[in-house]
Amino acid sequence: MYYIDPHIHMVSRVTDDYETLAKMGCVAMSEPAFWAGFDRGTVDGFRDYFRQLTEFEPKRASWYGVRHYTWLCINAKEAENVRLAREVIALVGELLDTPGVLGIGEIGLNKNTRNEAIVFLEHVDLAMKTGEQILIHTPHLEDKYQGTRMILDMLSDDRRIDRGRVLVDHVEEHTIREVLDRGFWAGMTLYPVSKCTPERAVDMVELYGPERLLVNSAGDWGPSKPTAVPDFILAMRLRGHPESLIRRIVYDNPLQFFRQSRRFEFTPPQ
Ligand SMILES: [Zn+2]
């Protein structure tokens, strides 16, 4: 089955992973900007990272026939340096017309601090002024419930936002309902630690249905599995779900969400 991974950090992966993903049916992926494992010191560090995301990764993906798209921002983990964050947000504004950039992300909260909220709202303001889609990171573990509520409240306070153009990622059992009920897209991240397993993702499909629901691998530099979406496909089959439902979640839904970006160009495989 063809599928799309809407959230995977390929800068952390080797070229062999692109080949494996292509063999497993991955035809496209999107890579949000994220934390590199250390705080970058200058805006030029981000400029180089954004070149990697918009130039080199699409090229590496193309060697295996995979389309690579990206999202730009400064991650919440680096938001405590508000001055640097503002320089990066200005840089993101300059780069939004680069081919393959689908919008602003993954913005959000990490420890739910005041500075994180300031930088989050300034990203949202840029997205609204430029008509961009938004991809959101919700915090981990003990910070997730409160952080997700804070994010949804900040978004709901801004009347300019079209919720159908916002994806809230890393939802779990205690956060998915509110994200969907408020009209946003929800992404389930399959992750060996701290996030969701394929079986729990299937449970959530059974509880909430496929509408505005996505599944991704995150596939970053930590313990993670870039082939987690095929694991989800298998888990769905083993529960007896039809191919049409599986395909809707792993292929049709990401296409429907991405097509709202004016720079999204994609020719479906025959
Ligand atoms: Zn991520």
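Atoms within each ligand, like the ligands themselves, are counted from 1 in listed order. Numbers here simply count residues along the sequence, with the first being 1.
At least one side-chain heavy atom of Tyr18 sits under 4.5 Å from a side-chain heavy atom of Met29.
Side chain of Trp185 to backbone of Gly164: a donor-acceptor contact under 3.5 angstrom is found.
The name of the N, O or S atom in Glu106 nearest to the Zn ion (ligand 1) is OE2. Looking at His9 and the Zn ion (ligand 1) together, the shortest N, O or S contact belongs to NE2. Considering just the N/O/S atoms of His7, the one nearest the Zn ion (ligand 1) carries the name NE2.
Here Tyr69 and Phe264 bring their ring centres to under 6.0 angstrom of each other.
Taking the centre and axis of the six-membered ring of Phe184, the NZ or CZ atom of Arg212 falls outside the cone set by 45° and 6.0 Å.
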